[in-house]
Amino acid sequence: NLINLLLTNRGERPMLPKYGIGLKKLLFENEINTELLIEKIRIQTFRYIQEISIQDVQITTSEDKHTIFITIVYSLITDQSIDSIQLNFA
């Protein structure tokens, strides 16, 4: 669910027009506001995936600014187990 939320563009799901963060669109941006993106990830996850709680989000770019690295650390609400995912976009 989390990866779907991150990759889905807003407006892509007919019954949920505000669902999605649209990370793939960021590849074509000149500058990425990482603070705004982190806030979007936190808000969207809180709204649409209540089973998890975001613990940390780290966003970095390669030196040439052509690759974005996103690491999300989260915990499951039910048992507080911690897991993470990393997405790399080039």
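These numbers were taken from a predicted model, which means no experiment stands behind them. Sequential numbering from 1 along the given sequence is applied to the chain's residues. As a basis for the values below, the full set of heavy atoms in this structure was taken, side chains included, without hydrogen atoms, waters or symmetry mates.
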Mind checking the CD1-CD1 spacing from Ile70 to Ile32? Nearest 0.5 Å is all I need. 7.5 Å
Answer yes or no: is there a side-chain heavy-atom contact under 4.5 Å between Leu23 and Ile68? no
Give, for atom OG1 of Thr45 and atom CD of Glu51, the distance between the pair rounded to the nearest 0.5 Å. 10.5 Å
Sub-3.5 Å donor-acceptor pair from the side chain of Gln86 to the main-chain atoms of Thr71, do we have one? no
Within a radius of less than 6.0 Å around CG of Asn1, do more than 12 heavy atoms belonging to other residues, nucleotides or ligands occur? no
With distance as the sole test, does Gln58 use its side chain to make a donor-acceptor pair with the main-chain N or O of Val73 at under 3.5 Å? no
I need the minimum non-hydrogen distance between Gln80 and Ser75, along with the two atoms involved. OE1-OG, 4.0 Å
Rounded to the nearest 0.5 Å, how far does CG of Asp56 lie from CD1 of Ile38? 8.0 Å
How many angstroms lie between OG1 in Thr61 and CD in Glu31, if you round to the nearest 0.5 Å? 8.5 Å
What residue pairs, at least two apart or across chains, pass ring-ring contact (aromatic ring centres under 6.0 Å, His included) with a residue in residues 46-76? Tyr19-Tyr48
Does Glu35 CD have over 12 foreign heavy atoms under 6.0 Å away? no
Check Gln55 against Arg42 and note the closest heavy-atom contact, atom names and distance. O-NH2, 3.9 Å
Residue list, side chain to side chain donor-acceptor pair (under 3.5 Å) with Ser62, at least two apart or on another chain: Asp64
Checking side-chain contact (heavy atoms from CB on, under 4.5 Å) for the pair Gln50/Ile77: CA distance, chi angles, key distance, verdict? CA-CA 8 Å; Gln50 286 111 24; Ile77 299 295; over 6 Å; no
Applying side-chain contact (heavy atoms from CB on, under 4.5 Å) to Lys24 and Leu7, what does each step give before you reach the verdict? CA-CA 6 Å; Lys24 288 182 183 179; Leu7 298 179; 4.2 Å; yes
Applying a strict under-4.5 Å side-chain criterion to I, L, V, M, F, W and Y, I'd like to know whether Leu2 and Ile43 cluster together. no
For the residue pair Leu37 and Ile41, establish whether any side-chain heavy-atom pair is separated by less than 4.5 Å. yes
Is the shortest side-chain heavy-atom distance between Thr8 and Leu16 below 4.5 Å? no
Rounded to the nearest 0.5 Å, how far does CG of Leu6 lie from CG of Leu87? 6.0 Å
Measure the CD1-CD1 distance between Ile49 and Ile54 for me, rounded to the nearest 0.5 Å. 7.5 Å
Grab the two heavy atoms, one from Gly22 and one from Asn9, that are nearest each other, plus how far apart they are. CA-OD1, 3.2 Å
same_hphob_cluster(Ile82, Val57) at 4.5 Å side-chain heavy-atom cutoff: no
Restricting to non-hydrogen atoms, name the atom on Lys40 and the atom on Ile21 that form the minimum distance, rounded to 0.1 Å. O-CD1, 4.1 Å
